[in-house]
Amino acid sequence: MAHYNQTWINEFILLGLSNDWKIQIYLFALFLAMYMVTMLGNFLIIHLIRIDIRLHTPMYFFLSILSFVDICYMNSTVPQMLIHFLSSRKSIPFYSCVVQLYITLALGGTEFFLLGAMAYDRYVAVCYPLHYTVIMHGGLCIALAAACCAAGFLNSLMETIITFRLPLCKDAINHFACETLAVVRLACVDISFNKIMVAFSGFVVLMLPCSLVLFSYAQIVRAILRIRSAQGRRKAFGTCASHLTVVSLCFGASIFTYMKPQSNSSAENEKMLALFYTTVAPMLNPMIYSLRNKEVMGALRRALGRFSEET
């Protein structure tokens with residue numbers, strides 16, 4: 001029987017991004033600005049979709065849920081990271097770490113499934129425009145959104161359980177948050193099974209939605225190429241460009257983190273990639289969807305016009 005020196009851990013120490021005080025001050029200012037931009041941008045998207053009847057379509061229904069998920073996802077890690085930038089002791093209680101890991105995995109998984117559902121929505125809009133309102137009815141949209149949330153939270157529950165069932169011998173997590181790969185490195189035992197489960201979870205959460213996205217856009221491209229008018233092709237491509245940009249950003253960083261061989265992984269590289277999909281991507285999403293979208297910009301102008309008239 002294998003023996004290991006395990007002690008009960010009441011809290012973890014997060015090593016964060018830097019030990020240099022001046023660098024931490026700069027990082028605090030940078031991530032505080034990014035946090036505020038993210039909150040403002042995503043709340044604005046949700047508000048515009050709610051108040052403008054022209055945006056009451058399946059595409060913007062999914063976009064509003066995506067913005068809400070981004071808000072929750074960023075709030076699960078960034079406020080703690082900001083506090084730790086100004087703290088000498090960067091600790092997190094054991095059960096808070098469990099909850100944080102569960103929430104971040106659940107929201108991240110939900111977002112990837114949502115991007116898959118949004119790709120299906122674009123596929124129906126471009127390939128079956130005459131039947132779009134019949135196919136993408138309200139009941140289906142709600143069912144797809146609920147299924148995305150359920151799949152994300154169930155996958156997270158499985159991964160969180162197998163992660164924290166490991167006997168942990170160390171309490172220093174080389175990360176700015178409780179993240180799966182960083183936590184399993186604290187184990188006293190062989191973690192081959194956990195690596196397999198991380199790969200399996202990555203396949204379910206990343207590769208399946210990504211495959212749906214690739215299939216949908218392959219069909220979309222075929223349909224667009226059959227459109228004779230150049231204006232029609234530009235309009236069809238325009239309806240998909242924003243979503244495809246967001247998909248590339250989110251899936252690219254996460255697949256590189258969780259699907260590459262673990263022997264080639266680096267804790268520092270993982271932290272940098274995690275920063276991208278936990279802070280940068282949620283900030284860019286509303287910018288991409290608004291600046292590249294005439295309907296959202298039109299809704300913003302109408303909202304500003306009503307506000308100026310009232311004042």
Side-chain angles (χ1 to χ4, degrees), residues 2 4 12 14-15 69 73 76-77 97-120 147-170 172-217 246-282:
Y4 43 82
F12 294 101
L14 296 170
L15 300 184
V69 170
Y73 190 55
S76 67
T77 57
C97 185
V98 175
V99 171
Q100 184 181 66
L101 180 65
Y102 174 69
I103 294 297
T104 54
L105 286 175
L107 294 173
T110 299
E111 177 155 344
F112 293 126
F113 287 120
L114 276 173
L115 290 172
M118 293 172 74
Y120 175 72
C148 291
C149 294
F153 278 81
L154 285 174
N155 173 77
S156 176
L157 180 62
M158 177 272 295
E159 196 164 336
T160 303
I161 288 173
I162 65 171
T163 296
F164 284 99
R165 287 188 65 185
L166 288 170
L168 306 177
C169 298
K170 294 174 281 187
I173 301 176
N174 188 11
H175 213 278
F176 56 84
C178 291
E179 191 267 346
T180 307
L181 297 177
V183 173
V184 298
R185 291 194 179 99
L186 309 180
C188 313
V189 295
D190 179 65
I191 58 173
S192 299
F193 174 73
N194 290 78
K195 290 181 179 179
I196 293 172
M197 293 307 295
V198 167
F200 173 76
S201 175
F203 175 80
V204 172
V205 174
L206 296 173
M207 301 311 295
L208 288 183
C210 187
S211 299
L212 176 60
V213 170
L214 292 176
F215 171 80
S216 298
Y217 276 98
V246 171
V247 164
S248 301
L249 292 173
C250 294
F251 279 102
S254 299
I255 289 174
F256 187 79
T257 301
Y258 291 101
M259 300 305 295
K260 68 178 179 179
Q262 292 299 308
S263 58
N264 297 332
S265 63
S266 161
E268 296 303 318
N269 290 339
E270 288 169 7
K271 281 196 288 187
M272 294 303 105
L273 288 168
L275 274 178
F276 180 82
Y277 58 74
T278 58
T279 59
V280 178

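Position 1 is the first residue of the sequence, and the numbers go up from there.
Residues satisfying the ring pair (Phe, Tyr, Trp, His ring centres under 6.0 Å) test with Phe12, not counting sequence neighbours, are Phe94.
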- Message: For a side chain to side chain contact (heavy atoms under 4.5 Å, CB included) check, start with the C-alpha distance between Asn174 and Arg185, then their side-chain angles and the critical distance, and finish with the verdict.
- Response: CA-CA 9 Å; Asn174 188 11; Arg185 291 194 179 99; over 6 Å; no

- Could you go step by step and tell me if Val204 and Phe200 meet the side chain to side chain contact (heavy atoms under 4.5 Å, CB included) rule? CA-CA 6 Å; Val204 172; Phe200 173 76; 3.9 Å; yes

- Task: For the pair Val183 and His175, evaluate side chain to side chain contact (heavy atoms under 4.5 Å, CB included) and give the outcome as yes or no after the intermediate values.
- Result: CA-CA 9 Å; Val183 173; His175 213 278; over 6 Å; no

- Task: Decide yes or no on side chain to side chain contact (heavy atoms under 4.5 Å, CB included) for Thr278 and Thr104, but give the supporting numbers first.
- Result: CA-CA 9 Å; Thr278 58; Thr104 54; over 6 Å; no

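Minimum heavy-atom separation, Leu107 to Val69: O-CG1, 3.5 Å. Here the shortest heavy-atom pairing between Ala172 and Leu186 reads O-CD2, 3.2 Å. Pairing each heavy atom of Ile173 with each of Cys97, the nearest pair is CD1-SG, 4.1 Å. Nearest heavy-atom pair, Ser201 versus Met158, reported as atom, atom and distance to 0.1 Å: CB-CE, 4.4 Å.
With contacts defined as side-chain heavy-atom distances shorter than 4.5 Å, the pair Leu115/Pro209 does not qualify. Taking 4.5 Å as the limit, some side-chain heavy atom of Ile162 sits within range of a side-chain heavy atom of Asn194.
For the atom pair OG1 (Thr160) and CG (Asn155), the distance works out to 8.5 Å, reported to the nearest 0.5 Å. Expressed to the nearest 0.5 Å, how far CG of Leu14 lies from OG1 of Thr77 amounts to 11.0 Å. Expressed to the nearest 0.5 Å, how far CD of Glu179 lies from CG of Leu101 amounts to 8.0 Å. Annotation: the span from Leu212 atom CG to Tyr217 atom OH amounts to 10.5 Å, rounded to 0.5 Å. A distance of 7.0 Å separates OG in Ser156 from CD1 in Ile103, rounded to the nearest 0.5 Å. Here Thr110 contributes atom OG1 and Tyr73 contributes atom OH; the two are 11.0 Å apart, rounded to the nearest 0.5 Å.
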